[in-house]
Protein chains: 2
Amino acid sequence: MARDTTKRREALRDTLTDLAEAHVRADGLASLRARTLAREAGCAVGAIYNVFDDMTGLILAVNGRTFGRLGKHVSDAVAKVADAPPTERLVVMAIAYLEFASANPNLWRALFDVEMSTDRDVPEWYMQELGRLFAIIAQPLAELHPDPEPGEIDLMTRALFSSVHGIVLLGLENRISAVPRERMEGMIEFLLKRVTQTDA
Amino acid sequence: MARDTTKRREALRDTLTDLAEAHVRADGLASLRARTLAREAGCAVGAIYNVFDDMTGLILAVNGRTFGRLGKHVSDAVAKVADAPPTERLVVMAIAYLEFASANPNLWRALFDVEMSTDRDVPEWYMQELGRLFAIIAQPLAELHPDPEPGEIDLMTRALFSSVHGIVLLGLENRISAVPRERMEGMIEFLLKRVTQTDA
DNA sequence: TCTCCGTCTGAACGTTGTTCAATCCACTAA
DNA sequence: TTAGTGGATTGAACAACGTTCAGACGGAGA
C-alpha cells in the first residue's frame, strides 16, 4: 500500500516534470500554469502539491535535469579533446556551454531565473552539480598553474565561468544586437586565450 | 485646461516613479504592487494606467533613472583618471560598475529583469543609454588598437562588458559563496589587464 | 459487509494586473 | 445663475494566478 502510493507519486512526479520541461523548453519559465499541468497530467490541481512543495519545487526538478544535461554536454565535449593543451580544453568547454545555452535557451535561462531569495536553502544537489562543473573547469587551470596560491584556482575558475556566462547571457539575450554565433565563439576564444596565457 | 491636465499627469508620473523606485530599491522588483502604489500616491488604481501603459512602463521609468545614474557613476569615475593609461581606465570603469551594482543591487538587477520578450519594442532611450555606456568603454579600447579591423572594437567592447557583467552578476548573486569585494576587484583587474594587453 | 484511515479531489480563497461603466468637475453658452 | 457638455478620474468588477483544506473516495482488515 505504502509502496504502491509511493510508486504512483513517483510516476506523477515524473509526468509533471516531463510536462513542465516541455512547457519551459517551448515557451519559457513564465508559461508554467498549475491548472494546465494538472489537466495535461490528468490529475487534480491539488495533486501537484502532494508531490511538490511548490511550483518552485517543480521548476527545481526541471532545472535538475537541465543541469545534468548541461554538465554531460560539457564533459563529453572536453572528453573528446582530453589530451589537448589546457587552454584549448577550456575553450572547448566554453563553446560547449554556449552550444547548450543556444540550443536550449529557455531551459538554460530557467536555471538562473528561479528565485532563490525566499527559499531558505538552495538545494544541496544544486551546489553539488555546480561544484562538479567548477571542478571540470578547475582541472586545466591547475595544469596551467602548478604552484598556485591558496584559493587562486578557485577564484580563476569563478572568474572565467562568470565571464563566459556573461558573454553567453548578453549575446543570446539581445536579439536586437544579434551577435552572430561565430563572433561569440571568437570572443570566447580570444578571452580565454588571453586570460590563461602564462607569463613568460 | 489641457495644460493643467498634462501638468497633473506629469506630477503623478513623477510621484509614482519615486514610490516605485523606493520599493524596488528596498525590496526588489517583485515587491511592486499596483494597489500599494495607488494608496501611497493618493490616487485610484486606474490612475496609474492613465499615466503608464503598464506596470512594465512604470518599471521602465524607474530603470531609466537607474540607467542614468549608473552611466554618470561610471563616467565620473573615469573622468577622474582621464589621463591614465587605457587599461587602467577600463579597470576604473569596471570597478565603478561593480560599485554601483553592489550599492544598488535591487535597482541594478531590475535593469535586466524586465521582460522584454512580449514588448515589441525596446524603448529607444534604452538603446541610446546602452550605446552611450558602450561608447565610453570603446574609447580606451580604440586607443589600444589604433588600427582595428572593422567591428573589432565593437566586439571587444561587448565582450569586455559582458565579462565584467557576468563577474558582478554571479559575484553578487551567490551570497552563499560570498566572494569578498576585494577578491572581485582582483578578478576584474586581472581579467582586464590580461585581455587588453597588446601583443609584443 | 461494515468500518476505518490515508489519499486525492476540486471548489473556494486571497492576491495579482488590468479594464471600463459610472461619476465628477471645470468650463461654456444661454 | 444655471443647464449642458465632454474629457479626466474613479474604484468596483473581472479574469487568472498559486495555494489550501474540508470532504469524497476507496482499499484493507474485522
Side-chain angles (χ1 to χ4, degrees), chain A residues 1-17 19-24 26-63 110 113-120, chain B residues 1-17 19-24 26-63 110 113-120:
Chain A
M1 173 189 62
R3 190 89 137 271
D4 195 47
T5 295
T6 303
K7 273 207 167 181
R8 234 200 337 240
R9 288 199 171 184
E10 274 177 16
L12 181 59
R13 237 186 110 88
D14 289 346
T15 304
L16 285 172
T17 311
L19 291 166
E21 183 180 321
H23 275 118
V24 174
D27 301 312
L29 237 189
S31 73
L32 274 191
R33 298 291 101 112
R35 285 169 179 76
T36 304
L37 286 173
R39 194 179 340 117
E40 291 173 344
C43 70
V45 237
I48 296 175
Y49 295 86
N50 295 337
V51 170
F52 292 103
D53 286 349
D54 235 326
M55 273 286 124
T56 303
L58 174 53
I59 294 169
L60 286 180
V62 172
N63 281 356
D113 284 354
V114 212
E115 23 186 333
M116 298 287 195
S117 53
T118 49
D119 291 335
R120 178 94 38 199
Chain B
M1 173 188 61
R3 188 91 138 270
D4 195 47
T5 294
T6 304
K7 273 207 168 181
R8 236 203 333 243
R9 289 200 169 185
E10 273 178 18
L12 182 57
R13 238 188 109 89
D14 289 346
T15 304
L16 285 172
T17 310
L19 291 167
E21 183 180 319
H23 275 119
V24 173
D27 301 312
L29 237 189
S31 72
L32 275 189
R33 283 320 73 128
R35 285 169 179 76
T36 304
L37 286 173
R39 192 179 342 115
E40 291 173 345
C43 69
V45 236
I48 297 174
Y49 294 86
N50 295 337
V51 169
F52 292 103
D53 286 349
D54 236 326
M55 274 285 125
T56 303
L58 175 53
I59 294 169
L60 286 179
V62 173
N63 281 356
D113 284 355
V114 212
E115 25 186 332
M116 298 288 196
S117 53
T118 48
D119 290 336
R120 179 94 39 197

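Among the nucleotides D:dT20, C:dT7, C:dT9, the one closest to any side-chain atom of A:Y49 is D:dT20. For B:V45, whose side chain is taken as the heavy atoms from C-beta onward, the closest listed nucleotide among C:dT7, D:dT19, C:dT18 is C:dT18. Residue B:M55 has its side chain nearest to C:dG17 when only C:dG17, D:dT10, C:dT9 are considered. Closest to the side chain of A:N50, out of D:dA12, C:dC8, D:dG18, is C:dC8.
Between the CG atom of A:L12 and the C1' atom of C:dC8 there is a distance of 11 Å, given to the nearest Å. Separating the CG atom of A:L58 from the P atom of D:dC17 is a distance of 15 Å, rounded to the nearest angstrom. Across the protein-nucleic acid pair, B:R13 atom CZ and D:dT9 atom P stand 14 Å apart, rounded to whole Å. The interatomic distance linking B:I48 (CD1) with C:dG17 (P) rounds to 8 Å, in whole Å. In this structure, CZ of A:F52 is placed 13 Å from P of D:dT19, rounded to the nearest angstrom.
Of the residues in residues 27-39 of chain B, those with a non-hydrogen atom less than 4.0 angstrom from any atom of DNA chain C are B:L32, B:R33, B:A34, B:R35.
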N/O donor-acceptor pairs under 3.5 Å from side chains in residues 10-17 of chain A, not counting sequence neighbours:
unit_1 : atom_1 : unit_2 : atom_2 : d
A:R13  : NH1    : A:V51  : O      : 3.3
A:T15  : OG1    : A:A11  : O      : 2.9
A:T17  : OG1    : A:R13  : O      : 2.6

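For the pair B:V62 and B:A20, the tightest heavy-atom approach, listed with the atom from each and the gap, is CG2-CB, 3.8 Å. Closest approach of A:A61 and A:F52 over heavy atoms only: CB-CE2, 3.9 Å.
Separation of atoms CD (B:E21) and CG (B:L32) is listed at 11.0 Å; rounding is to 0.5 Å. The distance from the CG atom of A:D113 to the CG atom of B:D113 is 7.5 Å, given to the nearest 0.5 Å.
With sequence neighbours excluded, the residues forming a side-chain contact (heavy atoms from CB on, under 4.5 Å) with A:A110 are A:V24, A:L29, A:N63, listed by chain and number. The salt bridge (charged side-chain N to carboxylate O under 4.0 Å, His left out) check on B:D27 picks up nothing, with sequence neighbours excluded. For B:T36, the side-chain contact (heavy atoms from CB on, under 4.5 Å) partners at least two apart in sequence or on another chain are B:H23, B:R33, B:R39, B:E40.
With the end axes of the helix from C:dT1-D:dA30 to C:dA30-D:dT1 each set by five pairs, the angle from one to the other reads 40° at 10° resolution.
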